[in-house]
Every structure is written in C-alpha cells, then in structure tokens.
Amino acid sequence: MNAIVALCHFCELHGPRTLFCTEVLHSPLPQGAGSGDISGQNEQAEEEEGGIQMSSRIRSHSPAEGASADSSSPGPKKSDMCEGCRSLAGGHPGFVSHDKETSIKYVSHQHPNHPQLFSIVRQACVRSLSCEVCPGREGPIFFGDEQHGFVFSHTFFIKDSLARGFQRWYSIITIMMDRIYLINSWPFLLGKIRGIIDELQGKALKVFEAEQFGCPQRAQRMNTAFTPFLHQRNGNAARSLTSLTNDENLWACLHTSFAWLLKACGSRLTEKLLEGAPTEDTLVQMEKLADLQEESEGWDGSEEEEKPSSQPDVAEGQELSKCSPETSLMPDCNRWNVAHRRLSVFRSLRHMRQVLGASAFRMLAWHVLMGNQVIWKARDMDLVQSAFDVLRTMLPVGCVRIIPYSEQYEEAYRCNFLGLSPHVQIPSHILSSEFAVLVEVRAATRSTLYPTLLEDEQSLNKYEFVVTSGSPVAADRVGPTILNKIEAALTNQNLSVDVVDQCLVCLKEEWMNKVKVLFKFTKVDSRPKEDTQKLLSILGAAEEDNVKLLKFWMTGLSKTYKSHLMSTVRSPTSSESRN
Amino acid sequence: SWSSSEFDLNEIRLIVYQDCERRGRQVLFDSKAVRKIDEAVIQKMAEDAPVKTSVRTCQASSGNNSISSHNLSISVTQNVKEQIPKYQYTRPASDVNMLGEMMFGSVAMSYKGSTLKIHYIRSPPQLMISKVFSARVGSFSGSNNNLQDSFEYINQDPSLGKLSSNQNGKYFHILCVLQLCSSKLLQGVSEGGPLRLIRSASFFAAHSTPVDMPSRGQNEDRDSGIARSASLSSLLVTPFPSPSSSSSSSSSYQRRWLRSQTTSLENGIIPRCSESTSFNPSMVFLGVLAEIFLMKKIAISIIFSLPEKEDAQRNFQDFFFSHFPLFESHMNKLKYAIEKAMISCRKIAESSQRVQVYISRVMDALGEFSRITIWNLYSVPRIAEPVWLNMMSSTLEKNQLCQRFLKEFTFLIEQINKNQFFAALLTAVLTYHLAWVPTVMPVDHPPIKAFSEKRTSHFVNMLAKSHPYNPLWAQLGDLYGAIGSPVRLTRTVVVGKRKELVQRLLYVLTYFIRCSELQENQLTWSEAVGEEEQVLNGSKITTALEKGEIEESDYVVVTVKNEPALVPPILPPKNDRSKNHTIAEWVYNPKGTYPVPASSKEKKETIGKVSQNSETSVDCLTSTLHKGATDSGKRTVTDTGAVPYHFEEPSNLEDLTDVRKNKKQNDRKVEKQLSSRSSALPCPERSGHRSSHLEKVTFRIGSSASPESDLETRRREMEENLKVLRENPEVIHCASSSTNLTVDASQNQKESCEAASLPYSKHSICYAQISSCEGQGSMLNNQRMENTGTEVNSENTVPGELLLSVDNVETVTLPSIKETRTSCSGNLEGYSPGCVEVDSAVKKESLKLGAKDVPCGDARRKTPFRVEGDIPRNESSDSALGASDEEGDCCIPDEVRHDNVSKRLEEFAEVELPLPRSNTVSRQCVKNFGRSLLGGYCHTYVPDLVLHGVNNDEKLKQCLLADLLHAMHHPVLDEPIAEAVCIIADTDKWNVQVATSQRKMMDNMKLGKDVLVSSQVSSLLQSILQLYKLNLPADFCIMHLEDRLQEMYLKSKMLSEYLRGHTRVHIKELGIVLGIESNDLPLLAAIASTHSPYVAQILL
C-alpha cells in the first residue's frame, strides 16, 4: 500500500514530534512488465535485477536518521530532542523488511528522509496532535487535502507515572495520497491500529502500576504541591516510549507491526479480473511447442521412435522453435521470418499476388484455404520457404503442415505444403488431382516476363511461376467467402500491410468461431444432417466452398479446445470454463 | 448478495459554519435548529403576510445559459409558493460549538484548498464528514458570472472593491430590517433568542457580492471536454510499461498501474488537481470589509447518527467507508446547493423572505442529499444475481447459471427486438460500459491448461501484489465503463411500466456490464487464525489436555481467534551479511517478542473460562520476564499464539516426568500444595506465580530468554523457592537441578542431567521441527555459535536442537525452556502447531528416553564455555540498538555488538527484520460496487447506480442533465473524465437513447440521442438465438457469445490499425474490405479506444 505509517508523540517540551515512521518502497516497474514472459524462467533473474535496483534506491533513502551526526538530515537537531521525542538512538540505521514475493520493502526510520515526505509526515503529525480535534481525545479521525496528503490518525494516551496527568499523548497515523483508498480502509485500519494501541497501553499500564506500587506519584505530588510545575516537567519530559512500556525491542516490534499493517492493508482486498481466452492460433502453437518438447525428451531418453512418421512434425517443430524464442509465441511469427530472411523473395501475400498475378494467386489461395496440397517445385529453398511462410498466414496455425523441402514426394495427409526440388517426380494422379496445386518455379525465359515491381527484386526476375492444378478453379466460381475478403484486402493499396495482417487475424478468428460451432454440432453432439445444414446457413457458410473450408479448418482446432468440448459433454455438470 | 439494514434518514444533520479571522466562528446553518412549520400554520400566515415577489423574480430571470442559472430559474419558479415561511430557525444545538471545533480544528491552517475530514463520535455514535473550503475572496474579475445584474454588484466598484458610504448605510439598513423581520417571524419560538438568530442570519444580509460560477475554468469550453481529456489520457498512457508487447488486458492494467503511480508516496508526492477547492459564493463582505477579512473558511458537515445496534452500525459504517466516493460526490452536490441558496437569496430584498428562501433551499438540498444518497443508495433493491459476477465467483451450478441467463437472453432477443430495441440497447451498453473488452482480449501466453481454469489476469494479479492499488476504486471505474479514452462515465437506466420485463432486461445486462470480483483477504502471521487445520490442531490440544488436567481447553480455540496486533520482530535467517548477528538479541530477549497482552473484549471474556492451571502457567512466565510487573496475568493468558502451547505443555511435560519417575502424581495436588506454601512468602502475588510456576518445574529450566540483569533477583527468588521446594520432595528433584544451574553451572552436571534431560529432549525435537521447516533453527544455531565460540563452531553440523538445549543450559538463569519456546512460538509466526504436534509425538515416545538423553549430555559438555561467554553484561546504554539501559539488557556479548556497529558503519544499511510469513484467508467481499451499484427495479431514479430500472422517466427528465454535469465536474473516480453518459432504454416507447453531459438536448421530448444499432451486435444476437434454438447447450452458446465479442475486439484492432495511417475514414473501404459498417463504427471505435487512445482523436 502506498502509505506511510508513523507514530507521533506530543512532547511536553517540544510539542508534536514524529517518533517512528515506516515507509513502503515498491520496485520501480511492475512485475512482469517489459519482459512479456510469464513463465517462471525469467522471474528469478528479474527479481534479482529488481533487487539491485531496489537496494540502490534504498541507499538513497537511508542515511542515518534522527539525531545522528548527519547534519543534512531534515530531522530536528539533537538539541531539540529529548528522550521522549526520540525513537531510534542516534546512528541507528533504521529497520528494513523485504517482502520477497512482492519485492516491496518496508523501511523504518524516525523520519522519512525524503524532504517532501518529511514535511508531509511532519505536518500530519502536527495536525494529528495539535490541530485536529477528536472528541474524547482518544480515537480515530481522518483529515487531509490534496497538497499534504490524507491522514488516518488515531490518538491515544500512554500511562506515565511521571508525566503531567500521569499520561502522555501519542498518535499513530497513516498517510496516503489516495484518499479513497485510505477511507475505504478505515474499518480495517481502525481495528488494527486500535489493537496496537491496546497492546502498547497494556504494556505501559503494567509499568505504570509497578511504578505506582513502588512510589505512588500522586501522593508525592500532593506533598510537593508547591514545587513549580515547570520544573517537574522539565525533569520528567524525557522518558522514552521504550521505557514507558518496558520493552526495549519496541521499535523493532513497531517496525514489524507497521510493515505488517501496510502489507495486510494493501492486500486486504484483491480483485479477480478475467481476461480473454487465447485465440485458437495461440493455443495450437502452445500445443505444438509442448509436443516438441515432449518428443525431444523422448529422444533423449529412449530408443529412437519411428522416425519417418514424425518427420513433418519435426520440421514444423524446428520452425516453431526457431521462431518462438523471439516472438514468444506471437501468432504471427511469419513476420519475423519474413523480416529475417532478407534474401527471401515473398514479403507478403500482397507481394506474392503481384508476382504471381491475380488469377494464379487466386487459384493458389483457393487451394491453400481448402486444405489441398500445395506443392512448390523450385531450386531455391529460401524461395519456397518464403512462399510457405506467406501462404500459411491464410490458414489457422493448426491447419498448417509444412515439409519445406524434400527430395521425394510426400503424401497429402502428411503435409499440405510441400517443397520439392525440381527433379522430383510427382505421381501423375497427384498432378491430375483437383486436390492439389503445383507451383513450378522456373528460370525466366525472358527477363521482361515479369515486370520489375521494385528495384531490389532481382531475385524474382530470375523466375517465372507456373501454377497448375488438376481442376483449375473456374473463374466464375464464387469461392469461399474468406478468399474474396482476402483478395479485396490485398487489392486495396490503401490498406497497409499491418492492416491486412489484422484483417487476416480477424477473418481467421471469425471463421474459426464458425468451425468451433460446427465441430460441436457434428463431432461432439453428432447432430443429423438437416440440422447441420440449418446451422451452416445460420453461420453464413452454407455454400459448398465454405463448407469445405470449414471441414478442413476443423482439423486445425486445438486439442485443448476439442478435449474441453468433449469433456463438458461427458460431464454436463462440470463448470463452464470460459466465463 | 446485497443487504442493508434499516437506516433512519432523519438522522442526517447538516451544519454549515464559517470561520473568519476577525469575527470568529459562526454557525450559518444547522439543520437541527430548523423546524418545519405546520401546514396549517403556514396557511394561516399566508393570509396575514402579503406577497412580495416582484423584485426577486425579475432579477432571477436574467440568468444566462450556465448550469446554475438554469437550475436556479427552475427553483426560483418553484419558489413562488414558498413566500410564506415554512421553517423556523431556532437556537443551534448545544454541541454546535464542539462540532465547529472539530470541523475547523483548534489551530487554523493556512492551507487554502479544501480539506476533508471524518470524525467518529462515540456517544451517541455518529459519523461526521466535513469539508472545509476557503471562501473565494475578491473574485471580482470573474466576470463570467451570471448574476451581474444583482443590485449589489451594480453599485460596486469592481477594481477597488470599495464601498460607498451609501452602501454602508444600506448594509446596515438591511441588517436592521432583517432583525426586525426575523424577530417577528419567530415570535412563536420562545426559546430561540431572536438576537442569536440574527447573528447567524446576518450573513444573508451581508453576503451580497457577485459570484463566479462553480468549476468553470476561464477558457474551458464545455464542448471541448473530449479533446482535452483525450489528449490528457493519451499523455498519461504513453509512458506506461506494458506487461507485454501485446495489449492483452492492458487497459485494465494501465488504469491500475497509473493509479498506483499517481498516488505514490515513494518519491515525494505528485500534486494533483482536485475538485473545486473553494467555496464559491464568495463570502466577501461589502467592500472594505472584504479586505479585512481575507482569511475566511466555510465548513460543511454532514453528521450521520449511527444506529445503536452494533450490527446495524457496522453495516452502515462498512457501507459508508466502502462507498465513500459516492458520498463525497453527493456532498459536493450539497455544497453546490448551499452556494446556490446563498446566491439566490441574496437577490431577495426582503430579509425575512431571504432567510426563508435560504433555509428552505438548504433544507431541500439536505432532503435531496439524504433521500438520494443515503436512503436510495442504501435501500434501493439490488439485482440479486448479477450474471457476470456470479459466473465468475461461483464455480458450482455454473451450468444452471448459463442456462438461466441464456433463456432470458434469447427471450429478449426474440420478444423485444422490435425496432431493434434490444440490439440498440446492447450496442449502447457495449459501446459505453467498456469493461467487457479486457475480458475478451485474447491472451498471448496462456498456461497450457488455462482452458479449464478461470482466466484471471496474471499481470493484474502481479501488479496488485507489487504495487497495491485500490481494487474498490478499480471496480467502480470498470462498472462505469471508464476505461476508454476519452474517459467516459456511463450508467444505464431501463424505463418501463412492466416491471417484470424491465427486471429481465436488467438481469441480462448484468452479463455485459462487467467488473472484477473482489475478495477480502485476512492476513495472519500467527498461523492460528481461521484455518481449519488450526482448528484441528486445537482439537488435538483439547484431547491431550483432557488427558492431563485442563478441562476447559475448548476455549483454546476461541482465544486463538485473534492474533496480537503487535507483530513481534524475528531474527532473520543469517545467510547474508548478518553473520555477525546484528540483532541476535531478539531471539534471546522475549520481552519485545513475548506475547503481548490481549486487548479485545472477547478475549477477556474467555479468560474466566480458561483453566486456572494454564492461566498461572502463562502468568508466571510473564512475571519472570517482566520483573516488577505485577498482576495482569489475565491479559497475558488470553494472548494467542502462545496459549495453546502453554496448555499443551504442562500435561506433556508432566507425562514425561510421570513416566520417568513412574509416578501418577496429580498435578492439581501439587499445585495446591505449592500455592499454599508460597502464600506464606513475603510477596504473595509474585510468589504465587512463582510457585505455581514451579509446580510445572519443567517450564523453568534453562531459559536463554531471561535478561541477565534479572539474574540476581532470580537467584534470590530461586533460593526462596528452593526452600519451599525442599519441603516437597517430588518437585524438588527437578527444581534443585535448575537452581544448581543458576548458582553454578559447573556443578549442575549430575543433578541437572536427570531433570533436564527430559525437557531438553522434548524441546530439541520441537526445535528440530522448526529448523526443518523454517530454517530458523540454523539461525538459532548461529547465534549460539557466536556465544560459545570456536569450539562450538566445529559443531556446525550438530543439529539445531542440540545447540539449543546447550544454550538453555548456558544461559543459566534457570527458568524455562518454555520461555524460549514461547518466544519462538510468538516470534516465528506461531510455530506452536508444529511444536504441539511434536509434543504429542514426544508423548508417544516418552518411553524411549534413552535416546533423548543425548542432547543433555551434549549440553553438559558445553556448559562451561557457555557460562563464560554469557557473563559479560552490556554496559553501554548508547548502544545502537538498545534504547535504554534502565531495564534488563539483552545477553549479547560485547564483541557482537561492536561488530554490529562497525558493520553498520561500513554498510550503513538498515537492520533487516524479516516479516513473518503470512497466511491468507480469503472470502468473497460483498460490500463492493459490483454488488451495490447494479440496481433492480427502483421506485425512483437513482443517479449513482450503474444500472437500474424505473417506472417512468419523469424524474429523469427533471434532473438527468444536472446529474450528468455534476458527474462530469465531480467525478467519483477522483480522476478527470471527459463525459458523463446515461443510456436510457425505454421499454414503453421502445427506444434507446444516450444522454450526455456534452450536449444539451434541445428537444424536450427526448432525453438523448438515439442509438445507432450496430450490425455486428444484431448479427451476434441473431446467431445466438439461432444456436439456442438449435438446442446447442447453454454453456456452449455463451462460449460462442464470448468468441463473438472477441471478434469485435479483433475488429477494433483492425480499425485502430487502419486509422493509424489515415486521418480520414473511408466508410466504403471499411465496409467492403474490412466488413465494418458505418453503424458499427461508434462501437468499434469505443472498443478501440481502450487499447489505442489515438482512435478517439481521429474519429471524434
């Protein structure tokens, strides 16, 4: 809690004085800020770093306090202080407590060292003990303003057999700039501070009674009634709270108690604040990464597993692991890749569309979206890789299976993106299949075949791209809705690449949400066909291409989501997690 | 859910005071002194008194377009009826002087701004909240006031503020007239002296200067509010450390972080602009007087008489303190009304009427305050089950919750979406109550299992820990939707005659108007409070004790409930620089750490029930520690942490002793014997303690805790006790051993072995437990090592318990390992449970004593060194740590202390004291805004509520605009807001309007602007309805609903990205390419404003 707790005393010689004061020091930055990493790995390092920063801060705060030799200290001069106005002896460095979990430090001195805080505490002290009026003199009161902060003050008496009226006047104050917080905390603070006061008073009462037992002051005073009172005051004004309570660890105890009070008050109320579910892409990426880790562990420990089958995954995994540290699983890790491969040729979908030409691109994109196998045949591995990196952004992460470069044909069930070297033979049924599209990258026959788009695109000029498929998409075919939207976005040069990226994210999530419903409907609940048809029209996806697309995209749903749906069906009473 | 107990709204009192340097304090108003005159009397008087209104009305009509004048004219027209006195102003109550003292303080403050105070008056229980303002003096330059034509002003020279003799005369004249009139007016009131009244009332006559209108900055254009705030918030937002590169949950996070930073005290304070700090009807006395009375303050106090019943009182207090921002806001409103009353009555020439107008205006304002703030806010019906909050908090029956919600939701979609009514309402709610946005922002880094868990925001949780902010405040902002940029404050009112329908709407809207759920955490350090384990432990103790001698051990559990408020400091585990045991003495010296007297009444009540046995046992411990401390044993007993422990202790030890001696001795008998004997001793009270203490011999063996200075006394006492004991052969066995220890450690070997081995072994186990779980053992170790010197250092590997027992021998001052243990149990955040368990374990093992003799032997071996090391006393009272030397000193050797000092000089760092480890007991917090501001179908419009329903819009029409303006000028959130908005959904007329503080509605029929229905929202509604009709399960439909909301968020991201490069929006582009239609634009822009502040600047 952003507060200062202080014990104040009305000294009969020196007036209101701050005796002891506990401040809170927070780490300058919130935990977890900046790093963007919530896994436990970074926390340790961060904490340490925080610790260093903290200690340097503390240093600046912690020169000697009170009546120390440090003349620059804002505290009163030694001559102005008596035992009663002092808490920690001169030269005592004060106390500090570290709350490791929160990297908050609680520091106690007689006065705060910061000059502004010193005067704030000082003023609060004066107001608490000699300006504000509390009915009955003992009790809670709140006062304050924007300039001097807001104060919750509780005044009380401590028994002292030698004091005038046999008691001394103290207050415990809590100062905050946040008046709402402070007032909200009133009932809590009142209870806790009242408890502290009770205990202090209890201790003092014992001492008082013992002293009275030994030497009844009242009687003595009656006898010396004519002694000038001032004299007596002078003689006795110097009793410290330590001696009044007969507790020499009082200040340590108060430090701990005040620190505890601040901690308890700061954590008295906590919020439960929900945040959104991760997108499907994030989930899938997480899962893939987890699988990869598991696999690599498996390889380390045991005999080799059936290697060929895991090959695509490995490739995929490598890619993931390649980009994950930098992007910390950002869904669009392709951007990094694109930026990274300066030599690579395709920078964005829009770029690719310009290179391939609108109709060729549309055919290619159509196949990509429908989950057909996309085969790139090229000599340049980087080119193929960049093509895949760009193309995959059209699909949910879960739908992407890439074999970036292979010396042999791989079946469609293993990859929907396949890079091949030019000499590889593709089975003829694949070439004639409507479920595959082939992009052949050939050396350009004429340099003018593709007009130079930009000066630096030398690499592209070397090639020409031939897109073929067993059944070319009819030009008048409507195609999946999402394709049309993507095309519109790519066409519009007003939209920056970033906007297009965001647009793709939106479109994908929108359609994944439809996929989720369809999955629930058909796979989990196994509804009849006519219902499904109804559902599809509700979703605005009744057209053939859209249905196909949804079916393909369903394969990209995260395991987490699927198992969640399955489990909620199995146990209908189980809680609904997302709300 | 929400509940409130009865509260009498007549028990709200208003006092207005003024304090000027020369004149002193005057009561300007005290509602307790005002009496309403009977209708009949008024009627009668009306016949007598001729009507004189002409002057007043003509002057009031000249107001310009400012707020106040607007309202003023309303109230003035109302006022025509009020020419006849309705109120009597009698003598202010007798306590008013005291209250004045409290309001202003006994010493004048030079601070010019406004001061806020809260007093608690114990009897009769009252809560007083005061605001003290400096009256604005000499503000003639503020020429934008709208009362320029008041006759006082005309006659005044603004630049000089001088007063012509003529005016002076007039002033005098007015006074006299007033005096006359008022005495006439009050003829019926015998006890209220007319003179007194006049003095109070004289102010009406006197204050007749122009006024600048409240809170209107010189250049502030009302319509520029948005721009100003937008730039302000973007300014604030930019330098903010985001939890991650993505904006996930950032808007909620940002607000909280900013709040914690702007209210930070760490590096000095950040001055903030606050709400109006002065009292406006500039209390300038005419001319010359104004220059004399420069220091002038006005205080407004509201006093709530609290219910006598404790429950009701606590309820109201909880409500008051948790809802303080609302109270404060209304207090500001009240202040306004008082200002206005002062202004308006000034124009009334006839002074009796002036008084009447003033009083009745203020009384009206007070009535409004009481009714609206207190009564309505406190008692209006709440929505019993706010959907979002309940779904978040209760994991049980969530399915049913979903089903119920979806049923209602789809009903509304189907039934009342005529004219897109429901879609419009939802569009408006989603546009303005923006707190739903952070709840759908996708997170980037979920824990892989997050799906089945609640998605509580990790970063916000972290922030709350490292930079605590006020969750109540955060929640309030969320509810009002004040998280966008520009900051808007929104509430929603559903109007309609069909109660059931309105309630259904309200219910459904509680799913979309979101906020965080609050938990209340109780932090404990003694580990004793609230945990069920502890209760279990407690019951364990009980059984053990029953076997022994304490029957009433049940009460142990009760006493455990409260932990001492003073937290004993702990010695840190010395791994770091503190090898030199900077604060080693704290473990030794139990005084500071010793369980302190309990304070609460409940505890005292339990005392009587606590068994005598335990009481004395605890008591004697205290008394040995605090030499000279007399009585007060009772208080000590009640102390928590240590208590169960004490209870446990005797029986165990006795068991052990019993076993060892093969005796079945009844302890009670011993106790009796001992106490009877000891009563013969000179100091009955003390020796009584001593003897009862002795009876539990084992308590006293080997305390390292007792101060050395006590040694002498103790020895004497021991010898006395010894005498007693000699006569009691059973006990003497043990006691003598301890005495030997005291007298001469080297002699103790044989005798002590037998007696001491038992407790040692026992305690050693106890400590072993401690060290194993907390590492405290090693800390103790170190400390001991320091004392024992090199030999012991070689014993590093010796388990802590050995060293401990060694230490116990070492300290020689006979009494009680027990003490050490107690201090430990107090210190080390209540190790008692651990110890207790060990104790019972010991019990079982008590037959295997052989093994336990080992530590004893060890101890003996080391004794000599120990004693040597211990003997040096601390002579310096100036030592850094010791505060005074008159009381018992700690037993730290000098070397250590010197070492400390030198070390400190080197490092100059604070002495580190670890905080005790905390336990948290959490429960749901009910008294929060989420539960209190979501209202049900209310009998009247309540401006504070975030959501509620009303029967008709009469009251709305009447005061909505003023409320909105007030909300904007005096934001409850303590931060500037750009706009206050109210969504009004009328189910009778089937329209949804948005009223705002930004625009005045010209059309009287309409409250606000009609809402554009977002096609995003209507398609969302349709698909949910269809899915529901297809019998998809409710929880899935809600998941889909959340997904769709997330889509909207993503679209807003796209929009903000689009706007980044565009200064103008091409609607066509948005529509064709991005699928955003123009009717979606306000909604998406509002959503975008939560993550991209610049959007507002472009679009608005």
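First the proteins, then the strands, lettered A, B, ... as listed; each starts at 1. Because only heavy atoms are used, hydrogens play no part in the values below, and waters and symmetry mates are left out as well, while side chains stay in.
- No donor-acceptor pair closer than 3.5 Å links the side chain of B/Glu517 to the backbone N or O of A/Lys272.
- Comparing A/Val499, A/Leu190, A/Leu269, A/Leu254 by heavy-atom pairs within less than 4.5 Å of chain B, the highest count is held by A/Leu269.
- No side-chain heavy atom of B/Tyr469 sits under 4.5 Å from any side-chain heavy atom of B/Thr263.
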Take B/Arg514 and B/Glu1042 through the salt bridge (Lys or Arg N to Asp or Glu O under 4.0 Å) test and state the conclusion after the steps.
-> CA-CA 13 Å; B/Arg514 297 179 180 181; B/Glu1042 288 299 296; 2.7 Å; yes
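- Options A/Cys503, A/Ala489, A/Ser496 differ in how many heavy-atom pairs under 4.5 Å they form with chain B, and the most are formed by A/Cys503.
- At a 4.5 Å heavy-atom cutoff, A/Met512 makes no contact with chain B through either its backbone or its side chain.
- Residue with the most contacts toward chain B among A/Phe143, A/Tyr106, A/Tyr181: A/Tyr181 (heavy-atom pairs, distance under 4.5 Å).
- Chain A forms the most heavy-atom pairs under 4.5 Å with one residue out of B/Gln475, B/Arg1060, B/Gln1022, B/Met102, and that residue is B/Met102.
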How far apart are the C-alpha atoms of A/Trp260 and A/Lys192, what are their side-chain angles, what is the distance that settles it, and do they pass the side-chain contact (heavy atoms from CB on, under 4.5 Å) test?
-> CA-CA 10 Å; A/Trp260 184 259; A/Lys192 291 290 168 192; 5.7 Å; no
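- Contacts between A/Val517 and chain B at a heavy-atom distance below 4.5 Å involve backbone atoms as well as side-chain atoms.
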Worked verdict on B/Lys465 versus A/Asp99 for salt bridge (Lys or Arg N to Asp or Glu O under 4.0 Å) | CA-CA 10 Å; B/Lys465 281 185 176 159; A/Asp99 190 338; over 6 Å; no
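- Taking chain A as the reference chain and counting heavy-atom pairs below 4.5 Å, the highest number among B/Leu1050, B/Leu1030, B/Leu1032 is found for B/Leu1030.
- A/Asn2 contributes a side-chain N or O that, together with a main-chain N or O of B/Ser260, makes up a donor-acceptor pair within less than 3.5 Å.
- Options A/Pro135, A/Ser185, A/Gly266, A/Ala3 differ in how many heavy-atom pairs under 4.5 Å they form with chain B, and the most are formed by A/Pro135.
- Contact count against chain A (heavy-atom pairs under 4.5 Å) is highest for B/Gln1026 among B/Arg1044, B/Arg314, B/Lys1051, B/Gln1026.
- Interface residue A/Ser267: backbone and side-chain heavy atoms are both found under 4.5 Å from chain B.
- With a threshold of 4.5 angstrom between heavy atoms, A/Leu495 approaches chain B through side-chain atoms but not through N, CA, C or O.
- Ranking A/Asn494, A/Ile4, A/Leu535 against chain B, the residue ahead of the rest is A/Asn494, based on heavy-atom pairs under 4.5 Å.
- Taking CE from A/Met176 and CZ from A/Phe150, the interatomic distance works out to 11.0 Å, rounded to the nearest 0.5 Å.
- Options A/Ile180, A/Val24, A/Val207 differ in how many heavy-atom pairs under 4.5 Å they form with chain B, and the most are formed by A/Ile180.
- Side-chain N or O atoms of B/Gln317 include none that pairs as donor or acceptor with a backbone N or O of A/Pro187 at under 3.5 Å.
- For A/Asn492, the part lying under 4.5 angstrom from a heavy atom of chain B is the side chain only.
- If you take NZ on B/Lys117 and SG on A/Cys134, they are separated by 12.0 Å, rounding to the nearest 0.5 Å.
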